[in-house]
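Structure first, then comments.
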There are 2 protein chains.
Amino acid sequence: MKAIGLIVEYNPFHNGHLYHLQTSKKHAKADVVVCVMSGYFLQRGEPASYSRQTRTKLALDAGADLVVELPYAYSSQHASLFARGSVSILNDLLIDSFYFGSEYGDIDAFKELDLFMQQHEQTLESHVKKRMNEGASYPRAQSEAFLELTPPTTFPDLSQPNNILGYQYVKSARELSASIKPETIQRTGSGYHSEDLEEKSAIASATAIRRALSNDELEDIRPFVPNETYAALTEHPLVSWDDYYKYLQHELLTTDISILASYYDVQEGLEYRLVNAAKKADSFQSFMNLVKTKRYTWVRIQRTLVHILTKTTKASMADALGANRQPSAVRLLGFSKAGQAYLSKVKKETTLQLYDRPPRQKNAQMRLDEKAAFAYWSYLPTSTRPDFYQREYEKPIVLSDRT
Amino acid sequence: MKAIGLIVEYNPFHNGHLYHLQTSKKHAKADVVVCVMSGYFLQRGEPASYSRQTRTKLALDAGADLVVELPYAYSSQHASLFARGSVSILNDLLIDSFYFGSEYGDIDAFKELDLFMQQHEQTLESHVKKRMNEGASYPRAQSEAFLELTPPTTFPDLSQPNNILGYQYVKSARELSASIKPETIQRTGSGYHSEDLEEKSAIASATAIRRALSNDELEDIRPFVPNETYAALTEHPLVSWDDYYKYLQHELLTTDISILASYYDVQEGLEYRLVNAAKKADSFQSFMNLVKTKRYTWVRIQRTLVHILTKTTKASMADALGANRQPSAVRLLGFSKAGQAYLSKVKKETTLQLYDRPPRQKNAQMRLDEKAAFAYWSYLPTSTRPDFYQREYEKPIVLSDRT
């Protein structure tokens, strides 16, 4: 039973995801597709626009066989930790290969890039440090430091976000001495950041789809998503940072500054900047515009805000990540019949703890997941929150009715 | 220039308050009436139903000459600390006497009671401890322990909340070796807890008035409040705990248990009880019903919740109260011409720091006041919060247009 892995967020699931899933499965001649999916908060430091349950169901409908949750400790993280957590889980699920989408569809080029980076590690680090001392953000410093090494032009372009993630996936697989093999499928249609819907390709970015949805242009997205997604999107309002700003503001303005500074990712006195902005900003957008600097990218700040919203301290994150920074347990979110069969096989061999309902005694990683669920539910009126907790957090298994 | 002091909350200002103010002024043949008023959160552990500004204005309209703010560190507190803070401020404002309302309108009886309590202090304490070990709440333990001493029947009845406060005022004046003299005016009309509006007396409790307002029975309250209050109440929606439950729930379910335990008034593992209730309760009312026990009264729990909402730790409260548990500074909220004249005289003689706008460098007491303002504003949509901060917190002085 050949299984492949995908690292996904499906926010929401669209035709580009479908293409990636189907092409990867075909390329590998696989029987089973396993997705590791971010739960409540995503890699770019945003709440998921749709519930974990909805996104799991859409993945299963589209052909995934098993969906497991990337723990909170790895999901709203910089690319290297996000990649390490995801690849580690797929590897521990005894999967042969994983497929990532990239603007540059050649896995050997990523491997050569990884080798090149290893060879120039120290030079690169000192270049990065220098750029950051000059005030650059970490991604910009990295990108510029990389170019200073005059890499071969055959390497993937590291100014493209999916190429950065791809590089981190390949690097993680190597660092973990993983038996799982990285593969890449060239992305097609719109670029990751593209905000336009382009009719002709019938593939649009998740960003463009979310934007159309938030503008109530529901009809416009119909060509770009499977019918099941379209149906789900008409039922669920979009969850966004706007729904959480009131909590964030309350949090920033009542928490003692020393406790704010203890939260994960809050560094270099950023807490003062956040508090001052919260006093003035009347919306999430205006808050971000006040906080953003050359030094801190939008995404970097958003991730920090997620950790403030969930009150995740540096200490509790360190506990959750553990010394080897690999997930110790993973939660099953849904499966098809084939996925279930694969699971029974894996269970006998893996050391990874698999669970479908959160246990009463939670380890540090699970405690963060529970807090993330609680923080996420804040967008709901209080009257429906306990129901969310029962339905979305405590009993989340989605069974596919695919035959 | 003879000044008297009143300890008030005016939530909202009604005919009973007017009676108390006017009778006290007349009794003392005073020129100036000074009110020390709770700010954003009140003694019973509730957000003020109306803004500080509105309540200040109504007090001035009704004849008060100077309104100062009881700092947060003393306002949402048990009777003894609430009384100590209030009496200390009035004494430091060089006021001759203060008048409290009581069901029992005889100041000598309160003084005799205070003496009696001093004489039996140790016996009383051991009785209280015994009752609490049996599971009684602190107020019940106190009340029962008191009765065990078989006090003279001429003493004020300590099951009446205003008599308890009155006793604490008299005790505080003695303990502070204050030059200010306590006086009492017998309350008339409805009892403190009464929830009915009684037409005949034209005096109703603030509780009854708030209840009528929250039921949209605005016309019913007209006989019981001055015209100015009536006008203000039609403009302002009632603020209540219901407006804050979503924040409280978010707070309880995302804060690490060790941090919850560090908040002021959180004792004996109460944090676990609060967290469990927050998982289930879909409203403030249902939350309170889940949390309440024989041991913890409704009011005791509400006060704790205020400190959680403002994230006031035991350490920051200790800093704010200082070693001698007396306010070091007091904020001026509004004054009439007579009040202003009195102020200029007092300023030259008092050691108390008087300020109208919060200084940039805030001491521990002022920092809690600022956090209370921020926590209070959470009931507003985020779009109007910065305006609140400018208008209500940073520039609050209300000048009376009384001639």
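Here is the naming used below: chain letters follow the sequence lines, and residue numbers restart at 1 for every chain.
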Chain A heavy atoms under 4.5 Å from [X]: which part of the residue, side chain, backbone, both or neither?
| X | result |
| --- | --- |
| B:Thr384 | neither |
| B:Glu370 | side chain |
| B:Asp256 | both |

To the nearest 0.5 angstrom, please state how far the [atom1] atom of [X] sits from the [atom2] atom of [Y].
| X | Y | atom1 | atom2 | answer |
| --- | --- | --- | --- | --- |
| A:Thr310 | B:Leu253 | OG1 | CG | 13.0 Å |
| A:Ile308 | B:Thr254 | CD1 | OG1 | 12.0 Å |
| A:Lys311 | B:Thr255 | NZ | OG1 | 4.0 Å |
| A:Leu309 | B:His250 | CG | NE2 | 4.5 Å |

Looking at B:Gln249, B:Arg367, B:Gln390, which makes the most heavy-atom pairs under 4.5 Å with chain A?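 If we count pairs closer than 4.5 Å to chain A, B:Gln249 comes out on top.
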Residue selection (most heavy-atom pairs with chain A, distance under 4.5 Å) from B:Pro381, B:Ser383, B:Ala372: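 Among the listed options, the one with the most contacts to chain A is B:Ser383.
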How about [X]: does its [atom1] atom have over 12 heavy atoms from other parts shown lying under 6.0 Å from it?
| X | atom1 | answer |
| --- | --- | --- |
| A:Lys314 | NZ | yes |
| B:Arg325 | CZ | no |
| A:Tyr355 | OH | yes |

Please answer whether the main-chain N or O of A:Lys246 pairs with a side-chain N or O of B:Arg385 as donor and acceptor at a distance below 3.5 Å.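 Flag set: sc B:Arg385 to bb A:Lys246 pair under 3.5 Å.
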Picking from A:Trp377, A:Tyr245, A:Tyr247, which has the most non-hydrogen pairs under 4.5 angstrom with chain B?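 Heavy-atom pair counts peak at A:Tyr247.
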What residues of residues 274-286 of chain B sit under 4.5 Å from chain A when only non-hydrogen atoms are counted?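 So far as heavy atoms go, B:Ala278, B:Lys279, B:Lys280, B:Ala281, B:Asp282 are the residues that approach chain A to under 4.5 Å.
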